[in-house]
Amino acid sequence: MTADEIGTRLGAHVEADELLGLVWLVAHGDEVATGAIGHRDDGRATPVRTDTIFRISSMTKPLTAVAAAILIDDGVLDPAEPVDRLLPELAGLRVLAHPAAEITDTVPARRSITVEDLLTFRLGWGMDFADFTPKPLDAAWSELGLGWGPPTPAELPDPDTWLARLGTLPLQYQPGERWLYHVGAPILGFLVARAAGKPLSEFLAERVLRPLGMVDTGFSVPAAKLDRFGPHYSDRDGARVVFDPVDGQWSTPPVFEGGGDGLVSTLADYHRFARMLRAGGAFDGVRILSERAVAALSTNHLTAEQLAAGGPNGDGSAGWGHGVGVLLSDLPDGPRAGSYGWSGGLGSTWSNDGEVTGILLTNQTWSSSGPLPVFATFESILGEIARRGQGV
């Protein structure tokens, strides 16, 4: 499939005004094709470019998991270790008697949360993809300002305050019992920071970003690079509105470095990260991560019962590794079983499928019903390339 063919299929979504702009990358082995379509602004004055910086939201999670895996490789963290030693705020937790119970209706936790629980999102806190019914815990979560929904880095407190507030709440489920989305990632990021003795941003920069040459990835955009950064948009009652302006929440370093959804990045940067994983943890002769760690990251850890109760996509076709989704069966018109990656609710997605890597970055938040239609088109393109075994 040629770059022109890919651009035509993706560009149809921009022409239909589904979104203002997007950039894409498709790699098959050493062959790489990229493209930029549309504009950064709703006035359509500034085109997007392949080096435009985007908010990648939950595509942050795999980088946080890799940071933790590096500390496991170093012997600083043990997957089976309770997090209580480094996160005493989470010691002695209680658990709701049932998920919809009042927050005072609790039972003791059977065991502590472990590092592995954070990596696999089985700590007992998080979004339940099988049940979005409002519950008493949701209200308590909001009252404490812990953040629940689209990322708002400037509105969240510093890590110590956030963890102290979190520790006052009961778990939704017993540790290890259920897969629940997101909350494990910011906690994991703060665990990495305490284990390393420095902020998550510094550890990521030293052990991941600089060794990989990811020069445009971070928790904010420096003033000198704001000319490559654009506003981000969302839908409100059928109208496109600004979710975050250029000089908004990602224009200054936050006190809350969200390991679940806080990073910005570019096509080239994230491709370097994807290449490192595809190569078993090494990049240009530099080893970032052990092959064992990459295997653990890209292998499903959820049981059949946990998948049936509500896994990453609700139908059992995808499991969860360490910070990434893992396909357990071929998508009818998309990536194949064994592929892994993740998407961001602010309009981004990435996957590694054998020799095929795909990255799509946009400036439009998902709708209330899920990903924009352009994501299905991109998945279809990746599936066709992987199945044909042809280059781009």
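- In this structure, P254 and Q249 have side chains that are not in contact, with every pair of non-hydrogen atoms separated by 4.5 Å or more.
- Considering only heavy atoms from C-beta on, T52 stays 4.5 Å or farther from F229 through its side chain.
- Cluster annotation: L209 is not connected to V221 through the hydrophobic network of ILVMFWY side chains, with a link wherever side-chain heavy atoms come within less than 4.5 Å.
- With hydrophobic clusters built from ILVMFWY side chains whose heavy atoms lie under 4.5 angstrom apart, I53 does not share a cluster with L360.
- Salt bridge annotation for K61-D261: absent, with no cationic side-chain nitrogen under 4.0 angstrom from a carboxylate oxygen.
- Using a 4.0 Å cut-off between charged nitrogen and carboxylate oxygen, R165 and D158 do not count as a salt-bridge pair.
- Hydrophobic clustering of Ile, Leu, Val, Met, Phe, Trp and Tyr side chains at less than 4.5 Å, counting indirect connections, keeps L331 apart from V324.
- Aromatic ring centres of F132 and W148: separated by at least 6.0 Å.
- Two residues are said to be in side-chain contact when any heavy atoms from C-beta on lie closer than 4.5 Å; F243 and L346 meet this criterion.
- Contact between L137 and I103 at its shortest, heavy atoms only, is CA-CG2, 3.9 Å.
- With respect to the salt-bridge test (charged N to carboxylate O, under 4.0 angstrom), the residues D51 and K225 do not qualify.
- For the side-chain contact (heavy atoms from CB on, under 4.5 Å) with F54, the lone residue among L22, T266, V23 that qualifies is V23.
- For A196 against F203, the heavy-atom pair with the smallest separation is CB-CD1, 3.6 Å.
- Proximity of V264 to S220: side-chain heavy atoms (C-beta onward) are nowhere separated by under 4.5 Å.
- A salt bridge between D353 and R336 is present, with a side-chain N of the basic residue lying under 4.0 Å from a carboxylate O of the acidic one.
- Remark: the S57 side chain and the R55 side chain contain no N/O donor-acceptor pair separated by less than 3.5 Å.
- Annotation: side chain of R275 is not in contact with side chain of T357 (no heavy-atom distance under 4.5 Å).
- When each of F121, W350, W320 is tested with W342 by the rule ring pair (Phe, Tyr, Trp, His ring centres under 6.0 Å), just one qualifies, namely W320.
- In this model, no donor atom of one side chain and acceptor atom of the other lie less than 3.5 Å apart for Y233 and N363.
- Between the side chains of R122 and Q306, a donor-acceptor pair is found at a separation under 3.5 Å.
- When every heavy atom of G149 is checked against every heavy atom of M127, the shortest pair comes out as N-CE, 4.3 Å.
- For the 3.5 Å distance criterion, the side chains of T365 and S234 fail to qualify, holding no donor opposite an acceptor.
- At least one side-chain heavy atom of L289 sits under 4.5 Å from a side-chain heavy atom of I70.
- Across all non-hydrogen atoms, the minimal contact from A279 to A282 is CB-O, 3.5 Å.
- The heavy-atom pair separating P175 from A109 by the smallest distance is CD-CB, 4.4 Å.
- Between the side chains of N313 and S317, at least one donor N or O sits under 3.5 Å from an acceptor N or O.
- Contact annotation: the side chain of D128 never approaches that of W179 to less than 4.5 Å [non-hydrogen atoms, C-beta and beyond].
- Judged purely by distance below 3.5 Å, without hydrogens or angles, the side chains of H13 and T377 pair a donor atom with an acceptor atom.
- Put simply, the residue from S351, P371, P335 that forms a side-chain contact (heavy atoms from CB on, under 4.5 Å) with E379 is P335.
- Taken together through direct or relayed side-chain contacts under 4.5 Å among Ile, Leu, Val, Met, Phe, Trp and Tyr, L71 and I187 form part of one hydrophobic cluster.
- Looking at V95, T106, L90 one by one, the single match for side-chain contact (heavy atoms from CB on, under 4.5 Å) with L171 turns out to be V95.
- M214 contributes atom CE, which lies 4.5 Å from atom OG of S265 (distance to the nearest 0.5 angstrom).
- Between the side chain of D105 and the main chain of E102, no donor-acceptor pair closer than 3.5 Å is present.
- L10 and V14 end up in the same hydrophobic cluster when Ile, Leu, Val, Met, Phe, Trp and Tyr side chains are linked at under 4.5 Å.
- Classified by interplanar angle (parallel below 30°, tilted 30° to 60°, perpendicular above 60°), the ring pair F129/Y181 is tilted.
- Look at E89 and R194 and you find a salt bridge, because one of the NZ, NE, NH1 or NH2 atoms lies within 4.0 Å of a carboxylate O, short of that distance.
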**Asked** What do the steps show when you test R9 against E5 for salt bridge (Lys or Arg N to Asp or Glu O under 4.0 Å), and what is the final call?
**Response** CA-CA 6 Å; R9 289 169 65 173; E5 290 172 328; over 6 Å; no
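- At a threshold of 4.0 Å, the pair R292-D73 counts as salt-bridged, since one of the basic side-chain nitrogens sits closer than that to a carboxylate oxygen.
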**Request:** Check step by step if salt bridge (Lys or Arg N to Asp or Glu O under 4.0 Å) holds for E202 and R207.
**Result:** CA-CA 9 Å; E202 290 185 19; R207 299 297 298 272; over 6 Å; no
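- Ring centroid separation for the pair W162 and F190 comes in under the 6.0 Å cut-off.
- Taking the side chain as every heavy atom from C-beta outward, H39 and T46 never approach each other to under 4.5 Å.
- For residues 272-306, the pairs satisfying ring-ring contact (aromatic ring centres under 6.0 Å, His included) are Y270-F273, H301-H322, with sequence neighbours left out.
- When the side-chain hydrogen bond (donor to acceptor under 3.5 Å, both in side chains) test is applied to T104, no partner is found at least two apart in sequence or on another chain.
- A distance-only check finds a donor-acceptor pair linking the side chain of S348 to the backbone of I56 [under 3.5 Å].
- With a 6.0 Å radius and a threshold of 12 heavy atoms from other residues, nucleotides or ligands, D17 has its CG atom above the threshold.
- Taking the side-chain hydrogen bond (donor to acceptor under 3.5 Å, both in side chains) definition, one finds that E81 meets it with R85, sequence neighbours left out.
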**Request:** Run the numbers on D235 and R240 for salt bridge (Lys or Arg N to Asp or Glu O under 4.0 Å), then give the verdict.
**Result:** CA-CA 5 Å; D235 179 90; R240 182 179 289 127; over 6 Å; no
